[in-house]
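A short worksheet on the structure shown next.
Below, all heavy atoms of this structure are taken into account, side chains as well, without hydrogens, waters or symmetry copies. The residues of the chain are indexed from 1 along the displayed sequence.
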Amino acid sequence: QVQLVESGGGWVQPGGSLRLSCSASGFEIDSSNIGWFRQAPGAEREAVGCINKKYWDAPEYDESVKGRFAIDRDSDKGTVYLQMNNLRPEDSGVYYCAAEIYARGACRLRSSAYDPWGQGTQVTVST
């Protein structure tokens, strides 16, 4: 069964850090592009970044998180991580990971490129 499960969300003060995990099962993450997205209440889902299949190009990031967020992969664990540093209140929302299974090209910061999706994990940045 193809599945993605996010974890690691929570509450953090501005300037703090969180590391989200996206555990994949039922497919090979090394052959797939993985995207991270977020959605704040009342807002549309937006791209955070994506990591290419193994040995492809470097991860891509939305301008709003460049220099603060980083995506990496642990192939042995079948898990992709989103390291979030220097968090801001506007980073709050539900964070989702999604897969482009057995991708043929570079990852894209577009939600329509991905299926399946995880259930999401809540991130709250506030004082």
Which heavy-atom pair separates [X] from [Y] by the least distance, and what is that distance?
| X | Y | value |
| --- | --- | --- |
| Asn86 | Arg68 | O-NH1, 3.0 Å |
| Ala103 | Asn33 | CB-ND2, 3.1 Å |
| Trp117 | Ser111 | CZ2-O, 3.5 Å |
| Ala99 | Leu4 | N-CD1, 3.6 Å |
| Thr124 | Gln122 | OG1-NE2, 3.5 Å |
| Tyr114 | Cys107 | OH-CB, 3.7 Å |

[atom2] on [Y] to [atom1] on [X], rounded to 0.5 Å:
| X | Y | atom1 | atom2 | answer |
| --- | --- | --- | --- | --- |
| Ile51 | Cys97 | CD1 | SG | 12.0 Å |
| Cys50 | Leu82 | SG | CG | 11.5 Å |
| Gln83 | Ser21 | CD | OG | 10.0 Å |
| Tyr61 | Leu109 | OH | CG | 10.5 Å |
| Lys53 | Ile101 | NZ | CD1 | 13.5 Å |

Task: Residues clustered with Tyr81, ILVMFWY side-chain links under 4.5 angstrom - done: none
Open item on the list: Is there a path of hydrophobic side-chain contacts, each under 4.5 Å between heavy atoms of I/L/V/M/F/W/Y residues, joining Val5 to Tyr96?
Closed with: no
Open item on the list: Hydrophobic cluster membership, with links at side-chain heavy-atom distances under 4.5 Å among I/L/V/M/F/W/Y: are Ile71 and Leu87 in one?
Closed with: yes
Task: Of all pairs that satisfy salt bridge (charged side-chain N to carboxylate O under 4.0 Å, His left out), the ones with a partner from residues 6-26, not counting sequence neighbours - done: Arg19-Asp72
TODO: Can you tell me which residue pairs pass the salt bridge (charged side-chain N to carboxylate O under 4.0 Å, His left out) test with a partner in residues 106-116, sequence neighbours excluded?
DONE: Glu100-Arg108
Does the [X] side chain pair with the main chain of [Y], one donor and one acceptor, at a distance under 3.5 Å?
| X | Y | result |
| --- | --- | --- |
| Asp74 | Lys77 | yes |
| Ser32 | Tyr102 | yes |
| Ser92 | Glu90 | no |

Listed pairs under 3.5 Å, donor-acceptor, residues 34-44 side chains, sequence neighbours left out:
| unit_1 | atom_1 | unit_2 | atom_2 | d |
| --- | --- | --- | --- | --- |
| Arg38 | NE | Glu46 | OE2 | 2.6 |
| Arg38 | NH1 | Asp91 | OD1 | 2.8 |
| Arg38 | NH1 | Tyr95 | OH | 3.0 |
| Arg38 | NH2 | Glu46 | OE2 | 3.2 |
| Arg38 | NH2 | Ser64 | OG | 3.4 |
| Gln39 | NE2 | Ala43 | O | 3.1 |

Open item on the list: Within the 4.5 Å heavy-atom criterion, are Met84 and Val123 side-chain neighbours or not?
Closed with: yes
Task: Minimum side-chain heavy-atom gap Val48-Asp62 below 4.5 Å - done: no
Validation: residues 9-18 side-chain donor-acceptor distances under 3.5 Å, sequence neighbours left out:
| unit_1 | atom_1 | unit_2 | atom_2 | d |
| --- | --- | --- | --- | --- |
| Trp11 | NE1 | Ser126 | O | 3.3 |
| Trp11 | NE1 | Ser126 | OG | 2.8 |
| Ser17 | OG | Asn85 | OD1 | 2.9 |

Task: Any residue meeting side-chain hydrogen bond (donor to acceptor under 3.5 Å, both in side chains) with Ser75, in chain and number order, not counting sequence neighbours - done: Asp30
